[in-house]
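What you see is a predicted model; the values in this text were computed from it and never measured. Letters go in sequence order (proteins before strands), and every chain restarts at 1.
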Amino acid sequence: MKPDSQPPRVVPVLVPMPADRPYSYSVAAGMQVGPGSIVRVPLGPRQVAGIVWDGDGGSVDPKKLRPIEQVFDCPRVTDEMRRFVDWIADYTLSPPGLVARMLLRAPAAFDPEPWIEAIERTDAAPDRMTAARGRVLETADSGLAWTRSGLAHAAGVSSTVIDGLKAQGVFRDVMLPPRPIVAAPDPSYATPQLMPDQESTAATLTEKVSAGTFSVTLIDGVTGSGKTEVYFEAIAAALMKGRQVLILLPEIALTHAFLERFQDRFGTKPAEWHSDLPPRMREKVWRQVAEGQVRVVAGARSALFLPFCELGLVVVDEEHDPAYKQEDRVYYNARDMAVVRGHIGGFPVVLASATPSLESRVNALSGRYARVALPARFAEAALPDLKAIDMRRSPPARGGFLSPILLDETRRTLERGEQALFFLNRRGYAPLTLCRVCGHRFQCPDCSSWLVEHRFRGQLVCHHCGHNEPRPEACPECGTLDHLVACGPGVERIAEEAVGHFPDARIIVLSSDMLGGVRRLRLELEAISKGEADIVIGTQLVAKGHNFPNMTLVGIVDADLGLANGDPRAAERTFQLLSQVTGRAGRTGKKSLGLLQTYQPEHPVMKAIVSGDAEAFYERETEERQRAGLPPFGRLAGIIVSAATRQEAESHARALRRAAPAATDIQVLGPAEAPLALIGGRHRFRLLVHGERRTDIQKFVRSMLAAADRPRGSVRVQVDIDPQSFL
DNA sequence: AAGTAGGCGGGT
DNA sequence: CCCGCCTACTTA
């Protein structure tokens, strides 16, 4: 090296791995890079995509320094997006590189989409005409360009005919830019006729959008009150302002109906984003979002990490839905992160739900969020008649789980040629198997929860960790043959019972472990909408926004399920789920009925569902939490361990995991850099466990510590709540 | 995260 | 005696 040569320019690059800060890379002379550039860099033996971050390159041993290999021809990650990544990394105590990784999950999108080879008509005429040539010229008459195979197909000729014409100069090659995956939505495609209340609510939202500043608005309105139509107007306003829009939906793979509604309003479907998207489509969406061709995305929680260039509105539909929580690697709730995204981007966020989460309701009441409520008036005709069935008074037949009242109503429904839905939120045949002779209960060897029998598959399955084993004939404890007995119902068992009562009915079971995956499920849902089933027996996935126009009866097989599991959110969750499920019977225009089988008809959840008085229920729940000294929100608990190195923290985590095998989700998320509570000058690492109550977590940690023999003081507990308090 | 290097068990 | 699996360690 010449002694007078300049030292190379060095920049920080976030690489997609859990380092706690960017790595330094050198920049070749003349290479155009700046914050936000997506680059290819060497990392150990491989090449990875990284993002040039802010600040200087830091100091690193020059011997270790390696060069950026390539700057991708791709829009830079915006300043907004980089702040968003930093914020989430800080808040969730995740390494920023892992957060950045969520934004780099479409590797082929960093190179520009290839242009399409096509042909177009010239002025030249062919030497002689044939019938095939005539058809080709007629088809291509419009003067637009065609792909070779596309034109051949449309004209009904072999592509050699096209080649012949091209050889004579009748067509010439042209390159076309890649086609947009969706047309631009038209905000005035089908302006709806809104009812006065919807009108004023829509006006409130469009004002927020025109203001173009950060705000959060909660739309609260029962099923059928027109929430979607109302926030569509906010979307129209954002589109007219030239801004992009993100609609978050829980589990979008099953929300076909939503996309159609969007199309009816805007003339085209939004771009979709979810984990089942084929890789080629993923890349196109990513690229076209970054370049601004895609104006509206409807997506699952990961769509928050799409590189929007002009985002101006985020709508979070069904904001209470637990599917918004990501619980691996980076723990976050997409609903809260959407609020943070809006705060950083300076634009409005809309949360919508018929059954808002307690925390959103509290945020609305305290004035932190605006709240607009849609009255149920317009929806009333669409709401089912709801009744609780007291199972102590109308018990099922011996060995069964369906009460005579529900069976009676089902018979009537089928006689009218309408459909019935039995809802039970439990997959498989039976949640517990025991030996009648010795009392042995089948337990998961890895996490000690009961094994659920799946009779159709002939297996015992742990719903907690996925462990499975074949169902044995003999008891493993006492060896007795044929004395194993199934306890309690799952959907398979309810189906068996239904077949016994209605042998001629077409009965279908829907659950997430259905053979054939999401595709099959979508087909089945379609078939049900068309009336190709009489009785549908399903788990919670039937609760998600499907329309079954002929479904006039919903029976909740076990409305108490989920109320007694010690989760402080049990009542809230049950209320939300049951509201959603009974709502499935409301959209028919016909008289419809919802029946809740319960052993506690006086429970506040049952009373709230039957009376429709959600407000009283919410007030009660909120007060209950206050009485218990809990914030009305909060979910995560961080366990802080003290350790000198990440390795040592990992070793703490391993010991804690061993001591509490049920807590498989203990995870090291540190080190936390906060200067407080440094223990003995060592680093603090945070571990996350599930839990909603500080006391529960503390108890949990104490028992783990006793069992794991960790040094006193090496573990502290901190409960993390509500990100809004950081704004 | 993903790849490499070092430690041991066990079967051919 | 070498392969497979587990753990520790590195990546700029």
Gap between atoms [atom1] and [atom2], on [X] and [N] respectively (whole Å):
X        : N      : atom1 : atom2 : value
A/Ile68  : C/dT11 : CD1   : P     : 19 Å
A/Lys64  : C/dT10 : NZ    : C1'   : 8 Å
A/Lys63  : C/dT10 : NZ    : P     : 17 Å
A/Arg21  : C/dT11 : CZ    : P     : 12 Å
A/Arg9   : C/dA12 : CZ    : P     : 20 Å
A/Leu98  : C/dT11 : CG    : P     : 18 Å
A/Met102 : B/dA1  : CE    : P     : 12 Å
A/Met17  : C/dT10 : CE    : P     : 12 Å

- prompt: Between A/Phe258 and A/His256, is the ring centre distance below 6.0 Å?
  reply: no
query: Can you check whether A/Phe305 and A/Tyr332 have ring centres sitting under 6.0 Å from each other?
result: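 Yes - the distance between ring centres of A/Phe305 and A/Tyr332 falls below the 6.0 Å cut-off.
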query: Any side-chain donor-acceptor pair under 3.5 Å between A/Glu453 and A/Gln459?
result: no
- request: Answer yes when A/Glu310 and A/Arg243 have at least one side-chain N-carboxylate O distance shorter than 4.0 Å, and no when they do not.
  value: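 Salt bridge between A/Glu310 and A/Arg243, a charged N being under 4.0 Å from a carboxylate O: no.
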message: Does anything in residues 32-49 of chain A come within less than 4.0 Å of DNA chain C? Heavy atoms only, and list the residues if so.
response: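 Under 4.0 Å from DNA chain C: A/Pro42, A/Leu43, A/Gly44.
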- prompt: Can you list the residues that meet the salt bridge (charged side-chain N to carboxylate O under 4.0 Å, His left out) rule with A/Arg457, with sequence neighbours excluded?
  reply: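 Here the qualifying residues are A/Asp513.
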- request: Answer whether the closest heavy-atom distance between the side chains of A/Leu311 and A/Leu313 falls below 4.5 Å.
  value: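 Result no, sub-4.5 Å side-chain heavy-atom pair not found.
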